[in-house]
Amino acid sequence: MTYQARDYNNLIGMEGLSETLLKNHFTLYQGYVNNTNKLNDLLSSKAKDATNPEYAELKRRFGFEFNGMRLHEYYFENLGDKAPLDKSGTLAKKLAEAFGSYEAWEQDFKATGAMRGIGWAILYQDNVTGQLFNQWINEHEVGHLAGCKPILVMDVFEHAFMTDYGLKRADYIASFFKNINWQVMEKRLG
Ligand SMILES: [Fe+2]
């Protein structure tokens with residue numbers, strides 16, 4: 001089955017992220033969708049032969065393309081809202097429980113996103129204990145926490161900010177925070 005890319009044009013006009021940057025980012029996302037579909041087709045048509053390097057490399061690559069696709073969807077979907085976090089809501093309470101205070105969580109999440117390298121900062125909720133973690137993901141597929149649900153996803157590949165911010169990743173992260181859709185995060189919580 002061919003998976004269709006979702007439309008995020010509603011995000012154009014957000015403060016701090018230009019139309020050019022967003023349109024380029026949507027095109028990159030479309031590339032991950034296309035490649036996920038392509039890999040899926042290729043893998044289903046290949047002989048299931050582990051000694052064939054072509055089969056093995058396609059299999060290894062699937063996690064990169066699939067996560068590149070899905071993480072962008074989480075990312076775009078947790079943006080685009082101006083309403084502030086409800087400080088008396090479940091999310092604020094859980095963040096304070098896990099990190100000591102909302103501010104301590106924000107500081108840790110921003111520091112995670114500011115780490116050197118290309119990848120993602122993700123606030124995860126453990127499906128087993130309900131606990132929250134800020135996690136660094138290298139590229140798209142290295143470092144995911146098994147069985148945990150992404151609650152907030154922030155892209156920190158250079159393409160997510162260089163067009164507007166050059167090397168100033170911290171300024172991009174500040175803009176990202178101004179546009180977080182806290183209600184979407186509340187809904188993702190288990
Ligand atoms: Fe991206």
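When a ligand or atom number is given, it counts from 1 through the structure's own listing order.
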Full working for side chain to side chain donor-acceptor pair (under 3.5 Å) between Y32 and H140: CA-CA 11 Å; Y32 287 108; H140 301 307; 2.7 Å; yes

Check against side chain to side chain donor-acceptor pair (under 3.5 Å), Q131 and Y124: CA-CA 8 Å; Q131 200 176 338; Y124 270 117; over 6 Å; no

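By the criterion of a separation under 2.8 Å, the protein N/O/S atoms near the Fe ion (ligand 1) amount to H25 NE2, H72 NE2, D155 OD2, H159 NE2.
Looking at K38 and E65, no side-chain N of the basic residue comes within less than 4.0 Å of a carboxylate O on the acidic one, giving no salt bridge.
Side-chain atoms of N134 and W105 include a donor-acceptor pair closer than 3.5 Å. E73 and Y8 form no side-chain donor-acceptor contact under 3.5 Å, judged by distance and modelled atom types alone.
In this pair, H25 and Y75 present their aromatic rings tilted. The plane angle is within the 30 to 60° band.
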